[in-house]
2 protein chains.
Amino acid sequence: MAQSDLDRFDRRLLALVQRDAAQTADALAGQVGLSASAVQRRLKRLRETGVILSEIAVIDPLKAGKPNFFLAALEIERERPELIARLRQWLGAEEQIQQVYYVTGTADFVLVVVAPDVGAYDALMSRLMADNPNVRRFTTNVALGVGKRGLFVPIAD
Amino acid sequence: MAQSDLDRFDRRLLALVQRDAAQTADALAGQVGLSASAVQRRLKRLRETGVILSEIAVIDPLKAGKPNFFLAALEIERERPELIARLRQWLGAEEQIQQVYYVTGTADFVLVVVAPDVGAYDALMSRLMADNPNVRRFTTNVALGVGKRGLFVPIAD
DNA sequence: AGTGAAAAAGTAGCAAT
DNA sequence: ATTGCTACTTTTTCACT
């Protein structure tokens with residue numbers, strides 16, 4: 001499903017379920033101006049075509065787990081592009097690595113890492129360096145707090 | 001509800017619904033070893049006590065919206081702590097600012113920003129600087145791609 | 001896309017542990 | 001205090017218009 005396949009109703013639905021995926025189809029129907037079954041059909045299609053990747057519960061880290069957040073900026077040797085794919089795969093497989101951004105600028109990759117404590121973070125990053133020789137160095141910013149945490153994607157309406 | 005109030009069942013439920021919040025209580029019940037009604041009660045309680053903040057649909061940015069991601073590192077004047085609360089509030093109110101981390105190190109705040117294009121990002125950051133005089137400067141990393149995007153919080157089992 | 005019936009899931013009360 | 005069961009209600013699913 002390409003972006004152009006999303007009509008106004010789909011886009012409005014996506015905006016709504018990104019904020020609250022637990023709403024009933026009936027509630028959504030009222031907001032977008034369709035019947036409940038039309039909403040169901042559209043949501044089903046959006047899930048099947050991968051526009052909606054998943055529906056997840058967002059947990060308050062202060063109330064469950066009390067993890068620490070770290071931001072790591074990796075600098076890569078670009079001479080060996082074949083190693084980059086391996087690195088991406090490695091990053092994707094680590095559950096403590098929550099987010100991976102491939103960036104330009106002072107760094108090449110920026111990671112959002114969540115770990116129970118500094119020791120676990122250190123252990124993770126040691127493994128990262130040991131397993132991926134093309135990571136030249138990295139810098140870490142330790143998060144003292146998290147002000148906001150979301151995955152909202154704005155959709156042109 | 002403090003963390004210590006979460007027993008083994010709660011923790012296992014949280015681990016499961018963080019991956020898939022659309023599962024039925026019956027399916028969850030089988031995985032944690034409780035009845036469906038016990039699961040429902042616990043989930044309700046976890047929502048009411050704010051351990052579960054929300055349930056959201058995760059959208060594939062490439063298939064909907066095709067936004068650009070930016071990582072902004074803000075450097076703050078610490079001389080006026082009263083302005084920091086205002087800044088935090090400002091950041092929280094902006095929908096394009098998806099995530100805010102309060103960090104130590106080279107920067108004070110790191111933002112994950114999602115915007116339709118560079119122009120929208122520039123406009124946002126101009127407003128940020130205009131409205132918050134205590135932001136001394138910021139650096140931006142433009143994301144060429146996003147390798148992974150999640151909010152999973154590991155919970156000691 | 002909407003309608004309506006059947007199936008499934010969620011909610012609430014209750015006895016038992 | 002919390003479980004599992006059961007009756008009840010809501011929501012989803014699906015065939016049909």
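The basis for the numbers below is simple: all heavy atoms, side chains too, and nothing from hydrogens, waters or symmetry mates. Letters A, B, ... are given to chains in the order of the sequence lines, protein chains preceding strands, and every chain is numbered from 1.
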Heavy-atom nearest pair, A:Asp108 first then A:Tyr102, reads O-CD1, 3.2 Å
Heavy-atom pair with the smallest gap, counting every atom of A:Val153 and B:Pro67: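 Minimum heavy-atom contact is CG1-CG, 3.7 Å.
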Specify the separation, in whole Å, of atom [atom1] of [X] and atom [atom2] of [N].
X	N	atom1	atom2	value
A:Asp7	C:dA1	CG	C1'	12 Å
A:Lys44	C:dA1	NZ	C1'	16 Å
A:Arg41	D:dC16	CZ	P	14 Å
B:Arg42	C:dG10	CZ	C1'	18 Å
B:Leu43	C:dG10	CG	C1'	11 Å
A:Gln40	D:dT12	CD	P	5 Å
A:Phe9	C:dA1	CZ	C1'	10 Å

Estimated bend of the helix from C:dA1-D:dT17 to C:dT17-D:dA1 (axis per five terminal pairs, rounded to 10 degrees):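 The end-segment axes of the helix from C:dA1-D:dT17 to C:dT17-D:dA1 are tilted 30° relative to each other.
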Keeping the roles fixed (side chain from A:Lys63, backbone from B:Thr49), state whether a donor-acceptor pair exists under 3.5 Å.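 Indeed, once roles are kept as given, a pair shorter than 3.5 Å links the two residues.
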Is there a side-chain contact between A:Tyr101 and B:Arg149 (heavy atoms, below 4.5 Å)?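 With C-beta onward as the side chain, the pair touches.
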Just wondering, do A:Val17 and B:Ile56 contact through their side chains at under 4.5 Å, heavy atoms? no
Are A:Arg19 and B:Glu95 ion-paired here, with the side-chain N under 4.0 Å from a carboxylate O?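 Here A:Arg19 pairs with B:Glu95 in a salt bridge, since their nearest N and O are under 4.0 Å apart.
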Would you mind checking if A:Asp7 and A:Arg42 are paired as a salt bridge, meaning a charged N to carboxylate O distance below 4.0 Å? yes
List the steps and the verdict of side chain to side chain contact (heavy atoms under 4.5 Å, CB included) for B:Gln31 and B:Leu16. CA-CA 9 Å; B:Gln31 295 173 80; B:Leu16 291 168; 3.3 Å; yes
For DNA chain C, which residues of residues 13-35 of chain B approach it to below 4.0 angstrom with any heavy atom? B:Thr24, B:Ala25
